[in-house]
Amino acid sequence: MSAPLLEIRDLHICLPEGSERAHAVETVNLDLAPNEILCIVGESGSGKSLTARAVMGLLPKPHVRIVDGSIRFGDEDLADVSDARMRQIRGSEISMIFQEPMTALNPVMTIGDQIDEVFRFHESMQRKERRARALDLLDDVHLPDPAHIMRAYPHELSGGQRQRAMIAMALALDPKILIADEPTTALDVTTQAQILKLIKEMQATHNTGVLFITHDFGVVADIADRVVVMQQGKVVETGTADEVLNAPNHPYTKALIAAVPSLSPRPPRKQSAEPVLQVENLEKVFRSGGGLLGLGGGERTVKAASDVNLELRRGETLGIVGESGSGKSTVARCIVRLVDADNGKILLNGTDLRPLNRAEMRPHRSSIQMMFQDPFASLNPRSRVGKIVTQGPLLQGVAKDEAEARARELLSIVGLDKRAYDRYPHEFSGGQRQRIGIARALALNPDVLVADEPVSALDVSIQAQILRLLDEIRERMTLSMIFITHDLRVAAQVCDRLAVMRYGEIVETGPTAEIFRDPQASYTKDLLAAVPGQSWRAA
Amino acid sequence: MRNFWKLYRRNRSAVAGIIILGMVVLMAATAHLIYPDDPFRLAGASMQPPGEGGFLLGSDSLGRDVAAGIAHGAKTSLLIGLLATIVAVGFGTIMGGLAGYYGGRIDDLLMRTTEMFQTIPSFVFAILLVAIMKPSIESIVIAIAVVSWPAVARLVRGEFLSLKNREFVQACHTLGMGDAQIMLREILPNCLSPIIVIGSLMVATAILIESGLAFLGLGDPNIMSWGFQIGAGRTLLRSAWWVCTFPGVAILVTVLAINLVGEGLNDALNPRLRERQ
């Protein structure tokens with residue numbers, strides 16, 4: 001192996017006083033060789049992002065700073081290089097791409113101007129030459145019609161195009177090192193696959209060393225040459241991708257990898273044929289614009305759902321999968337009547353819910369409940385857990401003692417401590433809050449639970465626990481579930497049947513195993529092909 | 001509560017603010033004990049400088065005790081400031097809450113109304129209102145509240161707009177909770193902090209408006225007020241400086257103290273702002 005590009009030795013980064021631990025990063029050692037992709041994997045709070053930011057000199061000083069150790073880059077130590085020198089290095093020798101390209105790009109500057117800026121800061125070139133270089137770059141990252149993109153503002157591009165533009169900018173001056181901090185996490189799976197391919201291609205043509213931060217082992221399997229696994233600020237395992245993924249040594253790595261849901265669907269369960277919920281020809285169009293007296297200009301309409309037909313049988317889990325903007329969440333919200341559908345029928349145990357007004361809907365509320373995505377936004381920060389769980393039954397006229405007893409029982413069913421009842425939501429972790437959300441939904445003894453991306457905000461090990469819990473509860477209470485997700489791995493493990501959505505329409509439905517084995521619609525094929533890490537754990 | 005005080009205490013000037021404010025409140029509460037007589041009473045020789053003729057802070061052109069006026073005026077200022085703020089915050093919260101929660105037509109209607117009030121310069125509007133009604137405590141409170149509520153309405157509307165789409169509010173909908181209950185029990189407690197902060201600062205503005213009105217002779221004629229004292233003494237500014245100066249200082253110190261307290265509340269209640277420093 002040639003001399004490493006970057007040598008991090010014994011790195012310590014401290015956290016502000018009063019944090020849960022003293023150091024964000026402790027005794028981290030790692031090397032990045034030229035022309036390799038090194039993945040740093042870890043769950044949230046593992047210190048992987050801060051390590052990357054330390055290399056860029058982008059720590060939120062003064063509270064979070066390097067207290068010990070060195071970051072060797074060439075013959076310099078980035079841990080104590082001057083600010084002026086760091087500015088020269090950034091962009092020209094080490095550059096970075098971020099998770100959310102919309103916030104990483106300046107919204108009031110065109111893409112062309114932003115790339116131009118990189119050249120102007122670091123090199124003396126004529127205007128014409130700079131423009132030619134920028135056009136070349138945009139062409140290199142396979143953006144269609146570079147001349148047009150040059151004049152475009154970030155909001156005019158799609159998420160994938162923005163990330164391509166970011167990559168073009170990052171590679172403008174041929175840096176030796178590219179740091180990518182979760183660059184595909186905010187993107188849809190098909191876009192993610194394209195961006196990963198692009199990063200690999202760029203890395204090969206520019207001989208760049210890439211430090212790739214991610215939480216997703218599928219992505220690691222697709223892109224990494226070597227892997228560093230971090231837990232709670234410490235490196236627990238380092239090795240080649242093959243070693244770490246297929247023969248992990250450290251128990252933490254083993255646990256993480258075991259928690260990654262497999263892509264092969266579970267064996268089918270026995271099905272009842274009796275439908276609980278039928279959705280027929282559901283339609284929803286969102287309108288915006290117009291304004292007071294129609295002076296706000298033209299009205300824009302978005303078809304979020306058109307001609308959606310679903311059937312949920314008793315005891316079954318129906319997955320609705322699709323990418324962002326496919327309308328899957330809208331359908332879920334129409335079903336629980338958070339959003340009023342324009343047309344169609346929502347038959348719950350034979351009653352059409354759609355035409356009911358709020359008062360008429362109230363008695364049906366207890367039969368259909370919802371679980372939300374964001375564990376931090378879905379619980380009222382000012383209410384105690386006990387109140388959150390009991391308020392549903394109380395509204396339905398259950399006696400106070402009975403509701404309280406039931407709430408305590410439910411909290412223990414979802415695996416929370418007795419004392420949870422009198423605590424506030426902020427005292428719990430994300431996974432625990434999702435458990436509270438489950439308890440709240442179950443408090444009404446629903447027939448149908450609509451879960452909108454219930455695990456996508458969680459770390460993979462917590463995600464596995466919550467999925468297991470949902471499984472248990474489903475068996476115990478013969479719950480029928482509609483499970484919205486963008487993650488096909490999760491869908492494979494949870495759902496009996498799948499409905500694949502795109503642009504507000506259902507493109508394919510069928511038993512999970514069949515769809516995975518033999519997808520019919522071309523979009524379903526694309527989706528399945530784009531799932532990262534297939535070659536690794538296809539079996 | 002103890003936790004809150006710990007956060008509040010970190011802002012030194014806010015602690016100073018609350019001490020000064022405490023002294024003003026104490027002065028207002030004990031005014032009738034220290035100066036049991038009517039502050040409008042002619043207490044002795046006129047135009048006495050501070051410390052002479054038995055007057056701590058001097059007397060005005062009619063021989064009224066300036067110190068007694070300040071003590072009794074504190075009661076007026078605080079009372080009017082507090083009442084006007086309560087009315088303004090209450091009304092503004094209702095308007096803003098309804099506009100933010102329901103959106104659409106209701107929002108358009110309520111917000112255009114709010115803007116109509118905001119287009120009129122607030123002090124001129126207050127003068128107009130008091131002049132139309134008879135100058136009295138009630139009319140002054142109403143006038144100040146009428147010119148102050150739009151700011152609260154805008155703030156509360158913004159908070160409601162962002163909170164009503166949060167998942168915990170949607171969860172309440174799926175449980176079948178009614179609108180009133182969602183607004184009062186779920187959303188409102190989550191936007192109390194900014195309301196408390198704007199309310200505390202509004203007390204200071206209300207005191208200033210009240211003083212301004214009294215200065216122009218639009219105060220309640222039967223109640224001693226700092227603004228009235230300054231108004232009465234302004235012609236004597238060169239010959240008897242103390243008549244205007246001490247009530248002026250009282251206004252300055254009180255308003256400053258309230259502002260400091262408001263800022264301290266803001267720091268203590270908005271943790272994210274605090275960490276930025």
Worksheet item: Do the side chains of B:Met177 and A:Arg365 get nearer than 4.5 Å, heavy atoms only?
Response: no
Fill in: Proximity breakdown for A:Gln373 and chain B, heavy-atom pairs closer than 4.5 Å
both
Worksheet item: Looking only at heavy atoms, which two atoms of B:Cys172 and A:Gln391 are closest? And how far apart?
Response: SG-NE2, 3.8 Å
Discussion item. Other residues, nucleotides and ligands only: do more than 12 of their heavy atoms fall within 6.0 Å of CD on B:Glu263?
Written reply: no
Worksheet entry | Any side-chain heavy-atom pair of B:Gln170 and A:Arg333 under 4.5 Å | yes
Worksheet item: Checking A:Leu395 against chain B: side chain, backbone, both or neither under 4.5 Å from a heavy atom?
Response: side chain
Fill in: chain B contacts, top residue of A:Pro60, A:Gly437, A:Pro16, A:Gly392 (heavy-atom pairs, under 4.5 Å)
A:Gly392
Discussion item. Ignoring hydrogens, what is the shortest heavy-atom contact between B:Glu186 and A:Ser383? Give both atom names and the distance.
Written reply: OE1-OG, 4.4 Å
Worksheet item: Taking it one step at a time, do B:Arg166 and A:Asp374 satisfy salt bridge (charged side-chain N to carboxylate O under 4.0 Å, His left out)?
Response: CA-CA 9 Å; B:Arg166 294 277 284 279; A:Asp374 186 346; over 6 Å; no
Item to complete: Measure the CG-CG distance between A:Asn380 and B:Asn190 for me, rounded to the nearest 0.5 Å.
Response: 4.5 Å
Worksheet item: Would A:Arg337 and B:His173 satisfy side chain to side chain contact (heavy atoms under 4.5 Å, CB included), going step by step from the backbone distance to the final call?
Response: CA-CA 9 Å; A:Arg337 291 291 315 276; B:His173 281 292; over 6 Å; no
Worksheet entry | Partner of B:Thr174 by side-chain contact (heavy atoms from CB on, under 4.5 Å), out of A:Met370, A:Arg440, A:Met361 | A:Met370
Worksheet item: Near B:Arg185 CZ, under 6.0 Å, is it more than 12 heavy atoms from other residues, nucleotides or ligands?
Response: no
Worksheet item: Less than 4.5 Å apart, any side-chain heavy atom of B:Phe168 and any of A:Pro381?
Response: yes
